[in-house]
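We name chains A, B, ... by the order of the sequence lines, and we start the count at 1 in each one. Since this is a predicted model, take the numbers as computed values, not measurements.
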Amino acid sequence: MTVPAARPVRTPAPAPGHDPHADLRDAVGRWFGETARDLPWRAADRTAWGVLVSEVMLQQTPVVRVEPAWRDWMARWPEPADLAAAATADVLRAWGRLGYPRRALRLQECARAIVERHDGEVPLGEEALRALPGVGEYTAAAVTAFAHGRRAVVVDTNVRRVLARAVGGTALPAPSYTAAERATAAAVAPPGDADAVLWAAASMELGALVCTARAPRCGACPVRDACAWRRAGRPGDEHAARRRTQAWAGTDRQVRGRVMAALREAPGPVPRGVVAEVWHDAAQLDRCVASLVEDGLVEQVDDLYRLPA
DNA sequence: AATCCGGGGTA
DNA sequence: TACCCAGGATT
């Protein structure tokens with residue numbers, strides 16, 4: 001574990017005009033130093049590529065499901081050039097059931113872009129990172145902080161929730177990421193590289209382990225006495241009426257998932273008749289297979305379907 | 001800003 | 001059942 005150690009407690013009294021978020025950061029940083037999970041992409045021997053792979057896998061997939069897949073993946077393709085040279089079918093099978101398999105496709109495209117544009121090394125700087133396939137605002141900031149050790153404002157769903165509660169006093173952040181949230185996050189992030197990296201990791205960890213969405217463990221929170229939401233009596237979610245959970249049963253996403261599962265598990269090309277067995281609605285199935293072909297996740301050769309070579 | 005895109009664990 | 005998860009791309 002080589003996450004930066006917590007800063008020493010601030011001994012001098014805060015001067016007038018001091019950073020109003022310093023106490024929050026210090027408390028969360030100390031807590032992180034004591035309770036951080038020992039995740040492999042945080043290990044001393046981690047690589048920038050390993051960090052990038054972990055961040056892509058963690059896009060909408062929980063840590064407990066990513067960890068074993070990440071270990072297998074990194075053992076098989078330890079460097080970008082290795083993944084760039086792999087067969088896409090093998091990449092999609094290794095991705096397994098992590099979900100959103102387009103991420104696996106983009107991760108391989110990302111590896112190829114790193115080889116072609118950056119000599120096989122994960123580039124420095126959020127602008128260069130964001131130009132890579134599958135890398136957005138969050139992932140570029142996370143790689144900058146956790147792989148390169150440079151200051152970045154890292155805001156994921158955990159950090160949004162921590163800031164909404166501790167600073168904003170609301171139960172949950174707004175459904176979509178707002179400019180006001182981005183400004184708050186930038187103001188809370190400390191100026192120095194090491195401090196910013198620690199705050200990024202610690203605030204994410206607090207949201208994942210204590211300041212959780214469903215049943216926050218306020219009794220175990222290092223900032224419970226300063227939390228604006230708790231001080232306000234933990235009011236309910238003001239955006240509850242606008243939140244809608246995505247349907248699953250019967251959606252194209254479910255059908256696509258079934259088709260991909262069938263192709264992953266098959267050793268070779270699958271006849272149309274076998275694909276037809278995964279879903280009862282032929283029209284919907286055809287539409288979904290066509291969209292998978294369009295996405296580059298499936299290839300069709302005559303009456304056979306297979307994962308891309 | 002709204003939608004689409006997987007899958008599984010949990011209350 | 002509903003909700004949630006280290007989001008990104010497209011419209």
Checking one residue: Val64(A). Which other hydrophobic residues are in its cluster under the side-chain 4.5 Å linking rule? none
What does Arg287(A) touch in the nucleic acid at a heavy-atom separation under 4.0 angstrom: a base, only the sugar-phosphate, or nothing? nothing
Remember a base hit wins even if backbone is also touched, and classify Pro175(A) as base, sugar-phosphate or nothing at under 4.0 Å, heavy atoms. nothing
State whether the distance check finds a donor on one side and an acceptor on the other, under 3.5 Å, for side chain Arg214(A) versus base dC4(C). no
Partner set under salt bridge (charged side-chain N to carboxylate O under 4.0 Å, His left out) for Asp281(A), not counting sequence neighbours: none
Can you pull out every ring pair (Phe, Tyr, Trp, His ring centres under 6.0 Å) where at least one residue sits in residues 47-77 of chain A? Sequence neighbours excluded, please. Trp41(A)-Trp70(A), Trp73(A)-Trp77(A), Trp73(A)-Trp95(A)
Any side-chain donor-acceptor pair under 3.5 Å between Thr88(A) and Gln108(A)? yes
Euclidean distance for P, dA9(C) against dG8(B) (whole angstrom): 24 Å
Pairs where residues 143-180 of chain A contributes a residue and the test ring pair (Phe, Tyr, Trp, His ring centres under 6.0 Å) is met, not counting sequence neighbours: none
For residues 49-60 of chain A, the salt bridge (charged side-chain N to carboxylate O under 4.0 Å, His left out) pairs (sequence neighbours left out) are none
At under 4.0 Å between heavy atoms, what does Arg242(A) touch on the DNA or RNA strands: base, sugar-phosphate, or nothing? sugar-phosphate
Span of DNA chain B, from the first to the last nucleotide whose atoms fall under 4.0 Å of chain A heavy atoms: dA2(B) to dA11(B)
Using a side-chain heavy atom cutoff under 4.5 Å and only I, L, V, M, F, W and Y, what cluster partners does Val115(A) have? none
Please give the distance between the C1' atoms of dG6(B) and dC3(C) as a whole number of Å. 15 Å
Taking the nucleotide of DNA chain B with the closest heavy atom to each, which residue, Ala215(A) or Asp252(A), is nearer the 5' end? Asp252(A)
Looking only at atom P, what distance separates dC4(B) and dA6(C), rounded to whole Å? 23 Å
Under 3.5 Å, which donor-acceptor pairs link side chains of residues 121-137 of chain A to any protein atom two or more places apart or in another chain?
unit_1	atom_1	unit_2	atom_2	d
Glu137(A)	OE1	Arg182(A)	NH2	3.0
Glu137(A)	OE2	Arg182(A)	NE	3.0

Reckon Thr245(A) has a side-chain N or O less than 4.0 Å from the OP1 or OP2 of dA2(C)? no
If you pin Thr178(A) and Gln254(A) to their nearest nucleotides in DNA chain B, which one's is more 5'? Thr178(A)
Examine Trp229(A) and Val210(A) and state if one hydrophobic cluster contains both, with Ile, Leu, Val, Met, Phe, Trp and Tyr joined whenever side-chain heavy atoms are less than 4.5 Å apart. no
Protein heavy-atom contacts under 4.0 Å, written 5' to 3' over nucleotides 5-10 of chain C as B (base), S (sugar-phosphate only) or - (none), form the string BBBBS-
